[in-house]
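Got a structure here, written out as structure tokens. Questions coming.
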Amino acid sequence: MPLSRLNPEQREAATAPFGHNLIIASAGTGKTSTIVGRIAYLLQKGVPPEKILLLTFTNKAAGEMVTRLKHYFPAQIVDRIEAGTFHAVCYRWLKTRLPQATLKQPGELKTLFRSVYEKRDMKRVGYDVKPFSSTYLYELYQLYQNAALGSFDEWFLERCPEQEVWMDIYVDICDEFERTKEEYGFLSFNDLLLQVKKRLEEGERIPFQEVLVDEYQDTNTLQGALIDALEPASLFCVGDYDQSIYAFNGANIANIATFTERYPDARVYTLRTNYRSGAAILALANRVIQRNERIYPKELIVGKSGKNHPPKLLVFEELFEQYQGIASQIAESATPHTYTAVIFRNNASADGIEASLRERGIPCRRKGGTSFFEAKEVKFLLDLASLLVNPRDMMAFIHIFEYGRGIGTALAKEIFQCLMHFGEGDLRRGLLRPAITTLPKLNPNKNTQLGLFDDDLEIGSVTRFAQIEMEEEIRAHPLLKHPRLNQDSLRFFIKFYRFYRSIDRSQRPATILRKAIASPLYQEIVDQLSAQRGRLKSGEIDEEKRELARERILRKARLLTDLASHYREMSRFVNAMILGGGEMSEGEGVNLLTVHASKGLEFEDVYVIDLMDGRFPNRKLMERTGSMEEERRLFYVAVTRAKSRLFLSMAKYDRVKKIDFKPSPFLAEAGLVREENASLLTEPV
Ligand SMILES: Nc1ncnc2c1ncn2[C@@H]1O[C@H](COP(=O)(O)OP(=O)(O)OP(=O)(O)O)[C@@H](O)[C@H]1O
């Protein structure tokens, strides 16, 4: 049983009485094993699995815990436990209430927000204070949803009082954004939590007997409120305040810091034995983190025996030399690449190190596989899938039709509006079996954002298309009367029409994707993209390059089909791809990670790079939402990922930007450089 593998302090926590339990688990002290032990304990005590809710920071973490439990309990029991991220769990629950709603990628919603923002002519209003850009306002609005429960203007004005003159317009923009999302059936990630919280507050019940929360230190105000709204009979929160690193995303360290005030009956357990790292690494981590306020008392005991490598400072003369030097060291190291990680504070560090590793033929992987989902060939297929799930999804339709020669955003919007009109609000019907055969009567005063036309459409002559081969039903389609449709755009429309007809009765996501990939519609996308990617600087197309690009595109398309084969319903597939996209990593080899992405992971050898003042700590971000304490916690998280060897590296000069660097103050706090003048104790390598 998992309980028998726990040490006494882990077991004491795992078998805590029902009630409000907080487990302070320092880095590497085995919180995963403790949570698994706790669930085993609950099941042994007879708690029905469906009454257990496990909330984790990634779906992968939930999956790993569930897999471990399956070693001890039958799968049909373990699978009934509700486990996943806040988003995934809320999505599953909402799905039963809002079957049509589609989750949208943050990038897509940002575009929608911009289209609402740009309808306001800020210049004409002409206040002295410059308004925030659409992107910045959008980010603030997202942060507000995670970080506060009161009204937007109150929260906003507290942070940005100088922007008061714009407040009414900002509120108006956010309101319209919310209405537009609702109209299209779109949900943002925040909406998942907000909607569930609202329904719970309105009296719906999800009666969990125990809610377990992993990485409790990184829950935000909204998540904290959601946990409260669930009103679980018992709460088991596991976290480490020294690893709270998501303030920029609204994480509220007060959730963990005030636990005992909010729940006066709370019991606090502390896991102290670190099994991950050698004594010297732990001593360094502790020396630094001691400078932060101690919220609950804690002490780390070294549980690992064996060889103890002292952490090493690597100092390079020049920034790029640093990346090269580290790549060389990794090339010579006996540690397998997959057990090695390079960790950095800022994403900007990744390219230099990746290029240096690849130059030496060392494979590497970057977490946050957005690159896969952002690849145009994948996005196109996901847009097709999204449109099948939610035919009101005008954004997906536009993205698809923009590939048609001669079709820009404006015409794509018009085609969408026409099809909706022909089908009386049903896109598929408007396309395949139009009920109305006249072009839409349009209202010039209507919202221009929806792409309705300024004036009524004149009727175009269908004889323009006499030479184009097509089925009779397409020739009779009312869209052909659209005056702005030309031969190229019609050809694209025909491909789209035929694809829709080919999948008329198909249900399974993988079948539909296979048909899509084989269709002339997708062939057109593959041709366009591979030609673009095969083009040389001179403008000519290199056939070999184009062929390689084509193979890569099709490989990605097949990978997406493989992923789809795990789903029976298209809506589940689409939403899972959006929910889980950020957790995918691409490739094999040395792990290149931001500190945030390294959370919860461990590696034999860890290189924490670019340890220069300004970069780590990142002074710019500190001014916005951060603090020195948060940066110190980031440093603590980074160094405690190391099991055997820890290398801390810095450069003294950036040749490209011509800047001199000072060592990170954390190197002084770690005792690796002299504190008073931050001078180096180590000579450059
Ligand atoms: N009782 C135990 N005896 C021996 N090894 C253990 C025990 N508990 C955990 N470990 C090992 O300690 C390491 C750290 O465990 P785990 O990944 O659960 O830590 P964590 O508390 O989640 O760390 P962090 O918060 O830093 O991510 C793992 O390699 C795990 O196998």
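Both ligands and their constituent atoms are indexed starting at 1 by order of listing.
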query: Among protein heavy atoms, which sits nearest to atom 12 (O) of ligand 1, and what does the distance come to when rounded to 0.1 Å?
result: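 Nearest neighbour among protein heavy atoms for atom 12 (O) of ligand 1, to 0.1 Å: Tyr275 CB, 3.2 Å.
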
- prompt: Less than 6.0 Å separating the ring centroids of Tyr339 and Phe603?
  reply: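 Aromatic pair excluded; centres sit 6.0 Å or further apart.
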
- prompt: Between Lys599 and ligand 1, which residue portion shows a heavy-atom distance shorter than 4.0 Å: side chain, backbone, both, or neither?
  reply: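 Within the 4.0 Å criterion, Lys599 makes no contact with ligand 1.
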
message: Could you tell me, atom by atom, which parts of ligand 1 come under 4.0 Å of a heavy atom of Ser33?
response: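 Here the atoms of ligand 1 in question are 8 (N), 9 (C).
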
query: Does Leu601, backbone or side chain, put an N or O under 3.5 Å from an N or O of ligand 1?
result: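 No; the residue has no nitrogen or oxygen that sits under 3.5 Å from a nitrogen or oxygen of the ligand.
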
- prompt: Using the ring of each side chain (for Trp, its six-membered ring), is His20 parallel, tilted or perpendicular to Tyr263, with breaks at 30° and 60°?
  reply: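 Rings of His20 and Tyr263: parallel, under 30°.
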
field: Derivation of the ring pair (Phe, Tyr, Trp, His ring centres under 6.0 Å) call for Tyr296 and Phe259
entry: CA-CA 11 Å; Tyr296 296 94; Phe259 192 85; 8.3 Å; no

- prompt: Where is the nearest protein heavy atom to atom 26 (O) of ligand 1: which residue, which atom, and how far?
  reply: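 Heavy-atom neighbour on the protein nearest atom 26 (O) of ligand 1: Arg276 NH1, 2.7 Å.
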
query: Of all the atoms in ligand 1, which lie at a distance below 4.0 Å from a heavy atom belonging to Glu602?
result: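 Under 4.0 Å from Glu602, ligand 1 has these atoms: 13 (C), 14 (C), 28 (C), 29 (O).
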
task: Return a yes/no value: protein heavy atom under 4.0 Å from atom 6 (C) of ligand 1?
output: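 It does; a protein heavy atom is within 4.0 Å.
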
- prompt: For ligand 1, which atoms sit closer than 4.0 Å to a heavy atom of Gln243?
  reply: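 Going through ligand 1 atom by atom, the ones under 4.0 Å from Gln243 are 25 (O), 26 (O).
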
message: Return the closest protein heavy atom for atom 1 (N) of ligand 1 as residue, atom name and distance.
response: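 Answer for atom 1 (N) of ligand 1: Gln10 OE1, 2.9 Å.
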
- prompt: Near Gly600, which atoms of ligand 1 are under 4.0 Å from a heavy atom of that residue?
  reply: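 Near Gly600, meaning under 4.0 Å from one of its heavy atoms, ligand 1 has 27 (O).
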
message: Below 3.5 Å, N or O to N or O, backbone or side chain included: is there any such pair between Ala27 and ligand 1?
response: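 The answer is no, given that Ala27 and ligand 1 share no N or O pair closer than 3.5 Å.
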
message: Give the atom numbers and elements of ligand 1 that come within less than 4.0 Å of a heavy atom of Arg5.
response: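 Listed by number with element, the hits are 1 (N).
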
- prompt: Is any NZ, NE, NH1 or NH2 atom of the basic residue among Asp242 and Arg294 found under 4.0 Å from an Asp or Glu carboxylate oxygen of the other?
  reply: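 A salt bridge links Asp242 with Arg294.
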
query: Considering only heavy atoms of Lys31, which atoms of ligand 1 have at least one such atom less than 4.0 Å away?
result: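 Close to Lys31: 18 (O), 19 (O), 20 (P), 21 (O), 22 (O), 25 (O).
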
- request: Tell me, please, whether Phe316 has Lys652 positioned over its six-membered ring: NZ or CZ under 6.0 Å from the ring centre and within 45 degrees of its axis?
  value: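 Relative to the ring axis of Phe316, which defines the angle, Lys652 lies outside at least one limit.
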
query: Quick one: are the ring centres of His596 and Phe248 less than 6.0 Å apart?
result: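 Yes, close enough.
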
query: So Tyr144 and Trp155, would you call those rings parallel, tilted or perpendicular, with 30° and 60° as cut-offs?
result: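 Aromatic pair Tyr144/Trp155 classed tilted.
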
task: For Asn7, counting its heavy atoms only, list the atoms of ligand 1 lying under 4.0 Å from any of them.
output: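 Answer, ordered by atom number: 1 (N).
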
task: Take Thr335 and Asp605 through the test side-chain hydrogen bond (donor to acceptor under 3.5 Å, both in side chains) and record every step on the way to the result.
output: CA-CA 7 Å; Thr335 309; Asp605 291 3; 2.7 Å; yes

message: For atom 31 (O) of ligand 1, is there a protein heavy atom at a distance under 4.0 Å?
response: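 There is no protein heavy atom less than 4.0 Å from atom 31 (O) of ligand 1.
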
task: Give the residue, atom name and distance (to 0.1 Å) of the protein heavy atom nearest atom 19 (O) of ligand 1.
output: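 Checked against all protein heavy atoms, atom 19 (O) of ligand 1 sits closest to Gly30 N, 3.3 Å.
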
message: For Arg92 and Glu82: C-alpha separation, side-chain torsions, deciding distance, then whether salt bridge (Lys or Arg N to Asp or Glu O under 4.0 Å) applies.
response: CA-CA 9 Å; Arg92 281 199 287 272; Glu82 188 63 74; 2.8 Å; yes

- prompt: To which protein heavy atom is atom 27 (O) of ligand 1 closest, and what is the distance rounded to 0.1 Å?
  reply: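 The closest one turns out to be Arg641 NH1, 3.2 Å.
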
- request: Check whether any N or O atom of Thr32, backbone or side chain, sits under 3.5 Å from an N or O atom of ligand 1, and answer yes or no.
  value: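 Checking ligand 1 against Thr32, an N or O pair does fall under 3.5 Å apart.
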
- prompt: What is the distance from atom CG of Leu634 to atom CD of Glu629, rounded to the nearest 0.5 Å?
  reply: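 If we round to the nearest 0.5 Å, Leu634:CG and Glu629:CD are 12.0 Å apart.
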
